[in-house]
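Since this is a predicted model, take the numbers as computed values, not measurements.
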Amino acid sequence: MKVHYECLACQINQCQKIAELSTEELEKRKKAMVFSAKLFAKHFNEDSIPAVVGSEVFLELYEYLGVDDPFREYKDKSNKLAQRVVENLKKKLEIDLRTALKLAIAGNVIDFAVGYEPEKIEEDILEMLKEELYIDESEKLFEKLRRAKILLYLTDNCGEIYFDKLLLEKIKKEFPELTIYIAGKEGAIINDATVNDLKEAKLDEVGKVISTGTRIVGIPIDRVSNELLEIFDKADVIIAKGQGNFETLSELRDKRVFFLLKAKCKPVARELNVPQGAMLCKTL
């Protein structure tokens with residue numbers, strides 16, 4: 001997916017958040033935003049992929065501000081809240097494979113990058129469970145999993161990884177012969193889940209945790225590790241969570257890739273030809 005006209009404003013807003021989380025000094029924040037503007041002039045063009053160009057700018061801004069993980073406190077908070085919500089839901093609901101998939105998509109709302117407040121997690125998740133998926137190709141996904149030997153699961157944000165774990169537990173139980181790989185970022189980038197985050201959430205109990213080999217949001221095929229590429233190539237099914245993975249993989253039109261996401265922004269909704277806010281399980 002290439003940038004839409006709204007993407008620049010969104011990413012500049014993200015730079016402001018990074019500056020505000022990194023320093024209390026107003027002058028330093030101002031200089032950080034001027035620095036960001038110069039970076040966008042350097043990197044941003046009509047052929048840019050939003051997740052990639054944004055990551056490039058954010059990482060250079062991290063270096064400029066002398067920070068490595070400005071969203072750490074928010075990520076920790078969302079992880080704790082999501083863990084609590086998942087445990088509560090396990091007590092309240094009969095969770096089968098399809099419900100777990102729906103929960104994993106609903107869990108994709110836990111994203112500070114688009115202004116989500118973590119305190120609303122449980123309320124919103126329960127409300128979204130009542131909704132039907134706008135595009136629902138889950139039966140097609142499950143049928144492919146029945147015949148598959150290797151699943152590659154591409155994670156998105158902290159917090160929602162606890163919902164991913166719930167889905168993966170159900171997948172592992174339903175398809176016990178399946179080999180599962182779970183990919184996280186090599187290092188911190190906004191609120192994306194890193195390999196360390198996945199291990200702290202104990203996703204290594206349901207599959208082999210691997211690194212994408214990069215801090216770039218999504219799966220930019222030309223920048224990921226050889227290990228990730230090898231597993232990507234041999235996987236029978238690939239589950240890609242969230243907008244960043246969609247932005248970087250959508251143009252491949254790979255029928256093995258099932259996108260699980262909520263179309264939180266207008267550009268992604270426009271690309272998918274769905275209403276903003278729609279939840280979906282879809283291959284291209």
Side-chain angles (χ1 to χ4, degrees), residues 1 49-52 54-55 58-59 69 71 75 78-79 82 100-101 104-105 107-108 110-111 113 141 144-145 148-172 175 178-252 254-261 281-284:
M1 169 183 155
I49 295 170
V52 175
S55 299
F58 303 154
L59 289 171
D69 192 2
F71 287 82
K75 293 193 292 185
S78 63
N79 278 337
L101 178 134
I105 298 171
N108 185 235
I110 306 169
D111 188 351
L141 168 61
K144 287 203 170 189
L145 287 172
K149 293 181 179 178
I150 297 173
L151 166 66
L152 173 59
Y153 195 100
L154 307 174
T155 61
D156 187 21
N157 302 319
C158 285
E160 74 175 271
I161 56 177
Y162 285 89
F163 295 90
D164 295 329
K165 184 182 179 186
L166 178 60
L167 173 58
L168 286 164
E169 286 171 346
K170 298 298 179 183
I171 288 174
K172 188 173 184 179
F175 313 107
L178 195 62
T179 298
I180 300 172
Y181 294 93
I182 309 161
K185 301 297 179 293
E186 178 68 22
I189 181 71
I190 50 175
N191 62 329
D192 277 30
T194 65
V195 167
N196 287 338
D197 293 321
L198 297 181
K199 289 180 177 177
E200 285 178 16
K202 299 183 179 179
L203 270 83
D204 51 357
E205 293 178 354
V206 289
K208 182 180 179 182
V209 171
I210 61 170
S211 171
T212 62
T214 180
R215 293 173 73 168
I216 300 292
V217 169
I219 301 293
I221 291 296
D222 59 338
R223 304 194 189 197
V224 297
S225 68
N226 288 333
E227 179 190 24
L228 191 284
L229 267 182
E230 183 181 335
I231 294 167
F232 189 95
D233 287 342
K234 70 182 182 181
D236 301 298
V237 179
I238 299 164
I239 294 176
K241 287 292 301 295
Q243 296 193 151
N245 284 320
F246 174 77
E247 290 170 18
T248 50
L249 293 174
S250 58
E251 293 188 7
L252 294 181
D254 189 328
K255 294 296 183 184
R256 298 174 302 152
V257 181
F258 285 80
F259 296 102
L260 271 57
L261 59 86
C281 169
K282 176 179 173 57
T283 189
L284 298 178

Flag if over 12 foreign heavy atoms under 6.0 Å of CG, Asp233: yes

Answer yes or no: is there a donor N or O on one side and an acceptor on the other, between the side chain of [X] and the main chain of [Y], under 3.5 Å?
{"X": "Asp192", "Y": "Asn157", "answer": "no"}
{"X": "Thr194", "Y": "Glu186", "answer": "no"}
{"X": "Lys255", "Y": "Leu284", "answer": "yes"}
{"X": "Lys172", "Y": "Glu205", "answer": "yes"}
{"X": "Asn245", "Y": "Thr155", "answer": "yes"}
{"X": "Arg256", "Y": "Asp236", "answer": "no"}

Shortest non-hydrogen contact between [X] and [Y], atoms and distance:
{"X": "Val217", "Y": "Ser55", "value": "N-OG, 2.9 Å"}
{"X": "Thr248", "Y": "Ala51", "value": "CG2-CB, 4.0 Å"}
{"X": "Ala104", "Y": "Lys241", "value": "O-NZ, 3.0 Å"}
{"X": "Asp156", "Y": "Gly242", "value": "OD2-CA, 3.4 Å"}
{"X": "Cys281", "Y": "Leu260", "value": "SG-CD1, 3.9 Å"}
{"X": "Gly107", "Y": "Phe163", "value": "CA-CD1, 4.0 Å"}

Within this structure, what is the [atom1]-[atom2] distance for the pair [X] and [Y], rounded to the nearest 0.5 Å?
{"X": "Thr214", "Y": "Arg223", "atom1": "OG1", "atom2": "CZ", "answer": "7.0 Å"}
{"X": "Lys144", "Y": "Ile238", "atom1": "NZ", "atom2": "CD1", "answer": "10.0 Å"}
{"X": "Ile189", "Y": "Ile216", "atom1": "CD1", "atom2": "CD1", "answer": "6.5 Å"}

side-chain contact (heavy atoms from CB on, under 4.5 Å) for Leu141 and Ile239? Distances and angles first, verdict last. CA-CA 9 Å; Leu141 168 61; Ile239 294 176; 4.2 Å; yes

Test side-chain contact (heavy atoms from CB on, under 4.5 Å) applied to Phe232 and Leu252, step by step: CA-CA 12 Å; Phe232 189 95; Leu252 294 181; 4.1 Å; yes

Would you please test Leu249 and Phe259 for side-chain contact (heavy atoms from CB on, under 4.5 Å) and show each step? CA-CA 9 Å; Leu249 293 174; Phe259 296 102; 4.0 Å; yes

Are Val224 and Ile219 close enough that some pair of their side-chain heavy atoms sits under 4.5 Å apart? yes

